[in-house]
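First the structure, in the form of structure tokens, and then the observations on it.
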Amino acid sequence: MRSIIFTLIAFLVINNLVTAQELKSPNGEMKMQFSLNNEGTPTYQLKYKEQEVIKKSSLGLELKNDKKSLLNDFEISKAETSTFDETWTPVWGEEKEIRNHYNELAVTLTQKTTDRIVLIRFRLFNEGLGFRYEFPEQKNLVYFVIKEEKTQFAMTGDHTAFWIPGDYDTQEYNYTESKLSEIRGKFDAAITDNASQEQFSPTGVQTALIMKTDSGLYINLHEAALINYSCMHLNLDDENMIFESWLTPDANGDKGYIQAPSHSPWRTVMVSDDARDILASKMTLNLNEPSKIEDTSWIKPVKYIGVWWEMITGKSSWAYTDELSAIQLGVTDYSKVKPNATHGANNTKVKRYIDFAAKHGFDAVLVEGWNEGWEDWFGKTKDYVFDFVTPYPDFNVEEIHAYAKSKGVKMIMHHETSGSTRNYERHLDKAYQFMKDNGYDAVKSGYVGDILPRGENHYNQWIVNHYQYAIEKAADYKIMVNAHEAVRPTGISRTYPNLIGNESARGTEFQAFGGSKPNHVTILPFTRLIGGPMDYTPGIFEMEISKFSPNNNSHVNSTIANQLALYVTMYSPLQMAADLPEHYEQFMDAFQFIKDVAIDWDKSIYLEAEPGKYITVARKEKGSNNWFVGNVNGNDARKSNIKFNFLEKGKKYIATIYADAKDAHYKTNPQAYTIKTKKVTNTSKLSQLSVPGGGYAISIKEIK
């Protein structure tokens, strides 16, 4: 139910002596001031509970082949203030309802010498600030090219930051914790190999960036509603502690082609003295437009398993044969080659996964490597790399569809593009229709490797538009999208809720590529998940990869209890049980939590949070009185102390607690866990050990 309480618009006539405007958050704890400096450059500053968060910072855009640009010489021609308050219902989410409440200031600026107009719109929420540039229809500013956006975020000190290197092509890095002044010295060590990567500065970092000040404020910098624009990174002036926006360029080095009327994405600053407020904020979603999909009945959360982890770990292969070093789609005759006997996507194996899914109540099965082309798919800058409709000889699409349907299980399609975006767009209609014809309602797309056309990056305007095109085209076919290696989310899932998942960060697969830091999952909710859910693919029970894939010596830096907790702490309406069925069959008592845990929620309460150290979340299952709690822990053992006061008064519950054993450790004893049950009410408390890289998960069911 939407209700606009009131809107107040005040038109102010501004003369040259009045150049400052103040905006307060609805609760009055946040204050933003806008002003023009002596050169007519727009500036803003932000305070939280009278503490300065953002010092006076400049705004503007540098244009290509334009001596004046949109940087200075402005005067205020109009200022409008308003208040907005609504409650809206997401298709899926952490909450049944979301309140969208802010105060707004819209400042219209006129550039004196050019008579060009720019409007800067500020929205101040209780948890932070969003602002964007708007370019109204006008005769003196119609088509222009952005050389660089000059948005500044001036910090008040040498804050502690959790950052990954700024990169045009990948977000798949471990986070580094350091002072801002230490980024330059630690930058090279923070870079690890990836299939496609390009850094731009030794002090460049990515959003969402989480920081903590010495006074205990938590600050998050990000963007919202990234549409038809280049993805924003941040470049740090480490002498003055000023971050400045740094957009992703295209093959020509240009950072945005704009036609007015239009606007930029929102630039966001979240701040609180309680880390839990950052995690609970829905500001990013609220800065996006309401759903453009009228009938959303076909969009449903999905819990799935898949033929994937065995390829990631090297146990099985995506390719059908080892005889061919190069293939041509439509020319290569696979009936004349020898199968390699390691191909994962074969009928027999896929039916085994379908049987497992049906037996244990999973919604769907993902199969990767089912289609022709995997013999030379990577690193060849090959345009016509896949056609997305032609299966290998050992994968019968119709037979698998019929078998899955008979078991009440859906199949999830896999579309790896190998970065060849033009080829994917050529095939999208045919590929999506093929999915619908064969009962596939969801697709996992991938963009591994360098982008084609050559010279383009994963996060520039042209490629951002490609990702958006794929989402919107999928909606036409009533298909849900889970995009991997795509641009990091910015809340667009509110507008297009068929975007039910993204990877766009270092996920579980890297546990098979040498491992991730044990505290990685205590940082991601403060960074990557600020923009939307992540298909993190948790649920690994066998941590020593060499036990089933002898040539891989990687170790999964997590305990089993930690893996269970991820289903609650790493929010997503798309959750995978990523390990092999045979590993779950060894630990069926622990696997029960994965079977039980919900994937859609009425309410979420963040009980404990400290980036890099721990996160504890309680969530109420959509449409039921069941609750689930997850705790993930960082590098050091600690006691987690929580209250069950989120439970309904007067009711009794059974809590099943899946926890680290006393001698558990992510490295030396990751499979040591305990399971115990106890009766709880809303007055109950729990003190629970979480070991390094560990945690706990709790299933809470009402006693009726």
Side-chain angles (χ1 to χ4, degrees), residues 167-172 194-198 226-233 247-257 265 318 327-330 368-369 371-374 376-390 413-435 442-477 479-490 492-493 496 498-499 501-505 532 535:
D167 197 299
Y168 296 150
D169 283 299
T170 187
Q171 300 134 115
E172 296 175 331
N194 197 275
S196 181
Q197 55 192 149
E198 182 179 352
L226 175 58
I227 300 282
N228 193 23
Y229 206 84
S230 292
C231 177
M232 181 183 75
H233 308 272
L247 303 182
T248 307
D250 64 11
N252 296 324
D254 299 325
K255 300 200 170 185
Y257 293 81
W318 282 277
I327 67 99
Q328 293 184 42
L329 298 176
E368 296 198 9
N371 55 319
E372 292 183 356
W374 288 90
D376 63 349
W377 73 283
F378 176 73
K380 311 296 191 300
T381 62
K382 187 176 182 180
D383 183 37
Y384 187 28
V385 59
F386 294 113
D387 69 7
F388 312 102
V389 295
T390 307
M413 180 58 72
H414 181 234
H415 288 166
E416 177 55 59
T417 69
S418 191
S420 185
T421 55
R422 184 177 64 173
N423 180 61
Y424 195 34
E425 289 186 7
R426 283 197 300 257
H427 288 86
L428 265 182
D429 280 296
K430 186 177 180 181
Y432 285 162
Q433 188 59 56
F434 180 81
M435 286 178 59
V443 61
K444 173 184 176 181
S445 57
Y447 296 87
V448 175
D450 293 338
I451 290 289
L452 288 174
R454 295 177 180 87
E456 301 293 342
N457 300 111
H458 278 74
Y459 313 137
N460 64 36
Q461 182 186 27
W462 195 89
I463 305 301
V464 166
N465 288 349
H466 162 80
Y467 303 137
Q468 189 64 30
Y469 175 76
I471 296 167
E472 295 183 25
K473 178 67 73 173
D476 292 341
Y477 287 85
I479 287 172
M480 298 180 289
V481 176
N482 168 28
H484 282 226
E485 295 88 32
V487 71
R488 49 190 170 272
T490 57
I492 290 170
S493 57
Y496 289 94
N498 64 318
L499 181 62
N502 284 97
E503 181 192 40
S504 305
D535 183 30

Seminar exercise, completed: Contacts of Thr248 meeting side chain to side chain donor-acceptor pair (under 3.5 Å) (sequence neighbours excluded), chain-then-number -> His233
Problem set entry | Working for side chain to side chain donor-acceptor pair (under 3.5 Å), residues Asn502 and His484 | CA-CA 6 Å; Asn502 284 97; His484 282 226; over 6 Å; no
Problem set entry | Residues Tyr447 and His466: side-chain donor-acceptor under 3.5 angstrom | yes
Exercise. Tell me the salt bridge (charged side-chain N to carboxylate O under 4.0 Å, His left out) pairs involving residues 413-427, sequence neighbours left out?
Worked result: Asp383-Arg422, Asp383-Arg426
Exercise. When you check the gap from the basic side-chain N to the acidic O, do Lys444 and Glu368 get nearer than 4.0 Å?
Worked result: yes
For this session: Give a yes or no answer on whether the side chain of Thr490 reaches the backbone of Leu226 with a donor-acceptor pair at less than 3.5 Å.
Result: yes
For this session: Tell me, please, which residues at least two apart from Ser196 pass side chain to side chain donor-acceptor pair (under 3.5 Å).
Result: Asp450
Problem set entry | salt bridge (charged side-chain N to carboxylate O under 4.0 Å, His left out) pairs, two or more places apart, involving residues 455-473 | Asp429-Lys473
Problem set entry | Euclidean distance, Glu372 CD relative to Asp387 CG, rounded to 0.5 Å | 7.0 Å
Problem set entry | Under the side-chain contact (heavy atoms from CB on, under 4.5 Å) test, residues paired with Ala505 that sit two or more places apart | Leu524, Arg528, Met534
Exercise. Considering residues at least two apart in sequence or located in another chain, which fulfil the side chain to side chain donor-acceptor pair (under 3.5 Å) criterion with Asn457?
Worked result: Asp169, Glu198
Exercise. Checking Asp376 side chain against Ile327 main chain: does a donor-acceptor pair fall under 3.5 Å?
Worked result: yes
Exercise. Between the side chain of Asp250 and the main-chain N/O of Gly253, is any donor-acceptor distance below 3.5 Å?
Worked result: yes
For this session: Compute whether any side-chain donor of one residue and acceptor of the other, for Tyr459 and Gln171, lie under 3.5 angstrom apart.
Result: yes
For this session: Give a yes or no answer on whether the side chain of Thr170 reaches the backbone of Glu172 with a donor-acceptor pair at less than 3.5 Å.
Result: yes
Exercise. Distance-only, no hydrogens or angles: does the His458 side chain make a donor-acceptor pair with backbone N or O of Gly449 under 3.5 Å?
Worked result: yes
Problem set entry | Distance-only side-chain donor-acceptor flag, Tyr424 / His415, under 3.5 Å | yes
For this session: Could you tell me whether Trp462 and Tyr257 have their ring centroids closer than 6.0 angstrom?
Result: no
Exercise. Do we see a donor-acceptor contact under 3.5 Å between the side chains of Asn228 and Gln461?
Worked result: yes
